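A quick write-up on the structure given underneath.
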Amino acid sequence: MDYKKTLNLPRTKFPMKANLAQREPRQLAEWEKMGLYERLRRESAGRRRFILHDGPPYANGHIHMGTALNKILKDFIVRSRQMAGFDAPYVPGWDCHGLPIEHNVEKELGRRKQTMGQAEIRRECRKYAEKFIDIQRNEFKRLGVLGDWDNPYLTMSYRYEATIARECCSFAMDGSLYRSKKPIHWCCSCQTALAEAEIEYADETSPSIFVEFEVVDDLGGVNPALAGQKAAVVIWTTTPWTLPANLAVALHPDFVYAAVDVGREHLLILAKELVEQCMATFGYEKYSLVCEFGAAELEKKNCRHPLYDRNSLIILAEHVTLDTGTGCVHTAPGHGREDYEVGLRYGLDVYAPVDQQGRFTEEVGHFAGQMVFEANAAINARLKELGVLLAEEKIEHSYPHCWRCKRPVIFRATSQWFISMEKNGLRKKALEAIDRVSWIPAWGRERIYGMIENRPDWCVSRQRAWGVPITVFTCAGCGALVIDRQVVKRIYELFLQNGADVWFEKDTRELIPEGLSCPECGGSRLQKETDILDVWFDSGVSHAAVLEARDDLRWPADLYLEGSDQHRGWFHSSLLTAVGTRGQAPYKAVLTHGFVVDAEGKKMSKSLGNVVAPKEVINRYGAEILRLWVSASDYRDDIRISDNILRQLVDAYRRIRNTCRFMLGNLNDFDPRSDCVDYGKMEDIDRFALHRLRQLMEKADRAYENFEFHVIHHSLHNFCAVDLSAFYLDVLKDRLYTSAPRSQARRSAQTAIYHILDTLARLMAPILVFTAEEIWRYMPDDGRKEASVHLAGMPPARPDWTDDELARRWEAILEIRSLVTKALEQARADKLIGHSLDAGVTVGVDKQRFELLEPYAGQLRSIFIVSQAELVRGPVEDALVNHEDRVYVGVRPAEGEKCQRCWVHDPTVGADGSHPGICSRCIGQLAEAESR
RNA sequence: GGGCCUGUAGCUCAGUUCGGUUAGAGCGCACGCCUGAUAAGCGUGAGGUCGAUGGUUCAAAUCCAUCCAGGCCCA
């Protein structure tokens, strides 16, 4: 007789091979069809909300691993909060305006651009953004990210644009918005401002000159040796044309400076360390150091400008170096970024007497009208004539050029709009707001605090086409800013109807409310501003445009979650716009993740060739593996990805999947409605399994709460591999397979398995969205089974499953079991046995263990998966294992024949004439099976 | 150059807050078993000078300093 047919072997259609890349798209289509997201919203209406506000990715290009990481993490959080009992909507968004899109559109248009108006270019940009929103939306959905994909927020939607304008006006209304000059990259031939991204660096030969700046003040106070002495500070520059705009000379506060006697009527002052080198350059063979002093001694002393009748102030600045030059830096706040910054600190004018075409204005006297680069020679000649030019050389260095015309660009101060950090106490309020936010990890607080503390006023204007205009008017007469409540309201409504395009399409008269005039001079000739806003302002007001505006959301958000670069970006701009207009941060907590790096921890770059694209991983392994990768990593640091790492995750995935598959196979004939065994009547080991399960639940619960997904991954995997596969399920096979199908012993095991599987499916659902659903579909229905695991909740707490006393006993058993397996392995190596069922073991233990194990003596053979197990007190003869003289394990070949049915060796095999090949236990179980 | 952060077995992570027995886990690897989870399952084993150096201490993966490597943001 073939006894195999009398066994209850696992049976399931749940496939062993996941085939994720093929299966996932079908599953996604099913969720879409059943309207999973909408259904979740309906079913959780009225629950406590959890709002994770999505930071908008830029609508350009395909998603990369970093964006995938970010969206998957958000999905973990939204889904786990949802399952924990919240109403957790997820509204994704896109950042649509800005230079990169405009830039790409310009490239695509090529020459055609010349013939197009701004409105037309804006239309092209809009189309471009729409195209990539569609692409990215599909890519995000493919990752299994659940959200309101049909109603995302777009920073270019009319409503959003109207909000941007309104929020900008809000800063204008309270006086925070002001106009001032600031140097920016400027292309003289294209006559346009350039962003950093539009600059190409190339080698360029420039003049390199050393110029004396005569010191006006007496330096006797600095050092007695200088009393009554004439002296000149020596500066070095590669842009002689910026000298007419010189307002200061900067020294480094930490450097030592020296006064050098070169045999002329005045001393030369420069950094001590550079004296020797400079003297060689100037051609002075004989010279002597008169004295030396710290830079601070010279601070706020005055020099005379070599060309003009005005002073140049000596100031201190950290950006001064000893690499080249003299350690004394010519400073023109209108023509240099650092010059500008330090100039602000000393209250210097942002002076730039250069027009749009790069020509000197009338103010500079006899260089007026000259192109600045061409004026270099004339300026040098003039300096030489005045006897202040110490040396003139040529230097080859990297210099910024225009990406379009390839000509060298200049730094030129132009009129820009700023939001003041001080005027209305924005900095102070923002710093206070930071401390009311929970930063995860905690160092996020230091990071953003330092940035807010030190940042200059926010320059919000850009001279570009694709964006939202700074919707203010200025008086043509007096230049005053003209804005009032009526203006704000009218612009908001116009934008709501027509988008920001209306600002460019209509002229000023059509935009302003009737009768508006300048509050300063009463003039009625007004001009609309044509600069657009920094895109960081766009996304920065998403809290107003999205959280406040949508009924399904709420202000402030519970959480913002982005990469750690956003302390400078979106967290920062959102904080400023929210604090500036509403007095507090738009988020209660901010969570940051690191960057995706390669196997060596290096950043991904095309040139290194170490870029891993999400699409490749999805096609090869499935989005589920990508999600598992995110869950396995501690994302607070940078996280590594490589083929090796992914292969490891595929293995981990297989282990989880197969363990669940095995459990499904054993629930094949189990109906939870009728077959569940009461907890109190369950076998000890089954209750121990539930105890362990409860520990896992609690751990996972805490981990989800704290967004520590890697803890869940490791616990889940460990539970499947160690607690279940290697121990519990392995031990259970005998009972599940050989017991009568409906016996209480078997139902007890099935009850435990059922609870375990139900719990695991729910616990893994936020992470392994596809697999959890697949398991769920195959699970027996208890009559309350939701249509999708994602409509189900987290497993309810089961304090009744905790039994510490029981656990203590079983942990002791497990300790003995590991000693038994060691002994069995030894016996196997000695060719005494093959399968563990070929063996009988004798376990000798001390008194304490004996008392603990004695009640389980009858079960030991099944726990150890051997044919016979004997428990004795004290040492065992010929023990293969002797553990600290407390536990002995002896192994011998099992007695009796191997039962054809249960494979256990037993002396009773052959005793029954009708079933000569099987043991008495099996005969009993067969009889029981038939009687039911 | 500055601010913030990271560095524990081949890989992913515990342990570091508040120093204290031979630094843990899983995977992978090696070897073996099984063939009733089978493109599965079980067992055993080998892997670490805790990035480096110096210091504090009776005692350092843990505290301090410097350096090296890497990341983000500035310059």
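Nothing here was measured: the structure is a model prediction, and the numbers come from that model. Just so we're on the same page: letters track the sequence lines, and every chain starts at 1.
- Donor-acceptor pairing under 3.5 Å is recorded for the side chains of A/Tyr3 and A/His915.
- Judged by distance alone, the side chains of A/Trp458 and A/Asp534 do bring a donor and an acceptor atom under 3.5 Å apart.
- For A/Ile645, counting side-chain heavy atoms from C-beta on, the closest listed nucleotide (B/A40, B/G71, B/U12) is B/U12.
- Judged by the 6.0 Å distance and 45° axis criteria, A/Lys733 is positioned over the aromatic ring of A/Phe662.
- As the counterpart of B/U44, B/A30 is assigned, both hydrogen-bonding distances of the Watson-Crick or G-U wobble pattern falling under 3.5 Å.
- With 3.5 Å as the limit, one finds no donor-acceptor pair spanning the side chains of A/Asp2 and A/Gln900.
- Rounded to whole Å, the distance from NZ on A/Lys699 to P on B/A14 is 10 Å.
- Ranked by how close their nearest RNA chain B nucleotide is to the 5' end, A/Gly444 and A/Asn644 are led by A/Gly444.
- Rounded to a whole angstrom, the distance from the P atom of B/G28 to that of B/G71 is 31 Å.
- Side chain to side chain, A/Thr6 and A/Arg901 meet the donor-acceptor criterion of an N or O pair below 3.5 Å.
- With rounding to whole Å, A/Lys733 atom NZ is found 7 Å from B/C42 atom P.
- Closest to the side chain of A/His710, from the set B/A75, B/A14, B/A40, is B/A14.
- Using a 4.0 Å heavy-atom distance criterion, A/Lys602 is classed as a sugar-phosphate-only contact.
- Within the nucleic acid shown, A/Glu562 has no heavy atom closer than 4.0 Å to any nucleic acid atom.
- Within 4.0 Å of A/Met451, counting heavy atoms only, lie sugar-phosphate atoms of the nucleic acid but no base atom.
- Using C1' as the reference atom, B/C4 and B/A14 are 25 Å apart when rounded to the nearest Å.
- In this structure, A/Glu897 places its CD atom where only 12 or fewer heavy-atom neighbours from other residues, nucleotides or ligands lie under 6.0 Å away.
- Taking for each of A/Asp638 and A/Trp443 the nucleotide of RNA chain B with the nearest heavy atom, the 5'-most of the two is the partner of A/Trp443.
- Across the protein-nucleic acid pair, A/Asp637 atom CG and B/U6 atom P stand 7 Å apart, rounded to whole Å.
- Of the nucleotides present, none pairs with B/A59 by Watson-Crick or G-U wobble criteria with both distances under 3.5 Å.
- Taking atom CG of residue A/Leu824 and atom P of nucleotide B/U44, one finds them 9 Å apart after rounding to whole Å.
- Contact between the side-chain N/O atoms of A/Lys17 and the OP1/OP2 oxygens of B/A39 is not found at any separation under 4.0 Å.
- Comparing the same atom, C1', in B/A60 and in B/U49 gives a spacing of 14 Å after rounding to whole Å.
- Atom CE of A/Met604 is separated from atom P of B/G71 by 12 Å (rounded to the nearest Å).
- The separation of B/C63 from B/G26, taken at their P atoms, amounts to 27 Å, rounded to a whole angstrom.
- Using a 4.0 Å cut-off, some side-chain N or O of A/Lys822 falls inside it from OP1 or OP2 of B/G45.
- When distances are taken from the side chain of A/Arg447 to each of B/G36, B/G3, B/A37, the shortest belongs to B/G3.
- A distance of about 32 Å separates the C1' atoms of B/U62 and B/C74, rounded to the whole Å.
- Side-chain atoms of A/His710 do not come within 3.5 Å of backbone N or O of A/Asp634 as any donor-acceptor pair.
- In this structure, CD1 of A/Ile452 is placed 13 Å from P of B/C74, rounded to the nearest angstrom.
- Picking from B/G10, B/G41, B/G71 the nucleotide with the shortest atom distance to the side chain of A/Ser725 gives B/G41.
- Taking the C1' atom of each, B/A61 and B/A9 are spaced 14 Å apart, rounded to whole Å.
- The gap from the P atom of B/G43 to that of B/G7 amounts to 33 Å, rounded to the nearest Å.
- Of the residues in residues 563-575 of chain A, those placing a heavy atom less than 4.0 Å from an atom of RNA chain B are A/Ser564, A/Asp565, A/Arg568, in numerical order.
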Handout entry: Intermediate values then yes/no, salt bridge (charged side-chain N to carboxylate O under 4.0 Å, His left out), A/Asp598 and A/Arg640
Key = CA-CA 5 Å; A/Asp598 72 6; A/Arg640 298 174 183 221; over 6 Å; no
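- Between A/Tyr635 and A/Thr592, the side chains place no donor N or O within less than 3.5 Å of an acceptor N or O (distance only, hydrogens not considered).
- When heavy atoms are screened at a 4.0 angstrom cut-off, A/Arg11 is found touching no nucleic acid atom at all.
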Under 3.5 Å, which N/O atoms of the protein pair with N/O atoms of nucleotides 48-53 of chain B?
none

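- A donor and an acceptor atom never sit less than 3.5 Å apart when one is taken from the side chain of A/Arg640 and the other from the base of B/C11.
- Protein atom NE2 of A/His593 is 19 Å distant from nucleotide atom P of B/C5, rounded to whole Å.
- Atoms CZ (A/Phe595) and C1' (B/C4) sit 13 Å apart, rounded to a whole Å.
- Taking the six-membered ring where tryptophan is involved, the planes of A/Trp570 and A/Tyr560 are essentially parallel, since the angle between them stays under 30° and well short of 60°.
- A donor-acceptor contact under 3.5 angstrom links the side chains of A/Asp643 and A/Tyr621, judged on distance only.
- A donor atom on one side chain and an acceptor atom on the other are found under 3.5 Å apart for A/His330 and A/Thr242.
- Looking at heavy atoms from C-beta onward, A/Tyr653 lies in side-chain contact with A/Leu20 at the 4.5 angstrom threshold.
- Within the nucleic acid shown, A/Gly665 has no heavy atom closer than 4.0 Å to any nucleic acid atom.
- Among the heavy atoms of the strands, none lies under 4.0 Å from A/Ser642.
- Defined by atom type and a distance below 3.5 Å, a donor-acceptor pair is present between the side-chain atoms of A/Tyr728 and A/Asp686.
- Under the 30°/60° scheme for interplanar angles, the aromatic rings of A/Phe571 and A/His567 are found to stand perpendicular.
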Fill in the blank from the handout: Protein-proximity profile, nucleotides 21-34 of chain B, B/S/- by nucleotide at the 4.0 Å heavy-atom cutoff, equals ----SBSS----SS
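- B/G47: glycosidic angle within 90° of 0, hence syn.
- Applying the 4.0 Å criterion to OP1 and OP2 of B/G3, one finds that A/Tyr449 has every side-chain N and O outside that range.
- A/Arg654 comes within contact range of the sugar-phosphate backbone alone, with a heavy-atom separation under 4.0 Å but no base atom that close.
- The same atom, P, is picked in B/U17 and in B/C34; the two are 49 Å apart, to the nearest Å.
- Among the protein residues, A/Glu338 comes within range of the sugar-phosphate backbone only, with heavy atoms under 4.0 Å from sugar or phosphate atoms but none that close to a base.
- The pairing partner recorded for B/G7 is B/C68, the criterion being a Watson-Crick or G-U wobble arrangement whose two distances lie under 3.5 angstrom.
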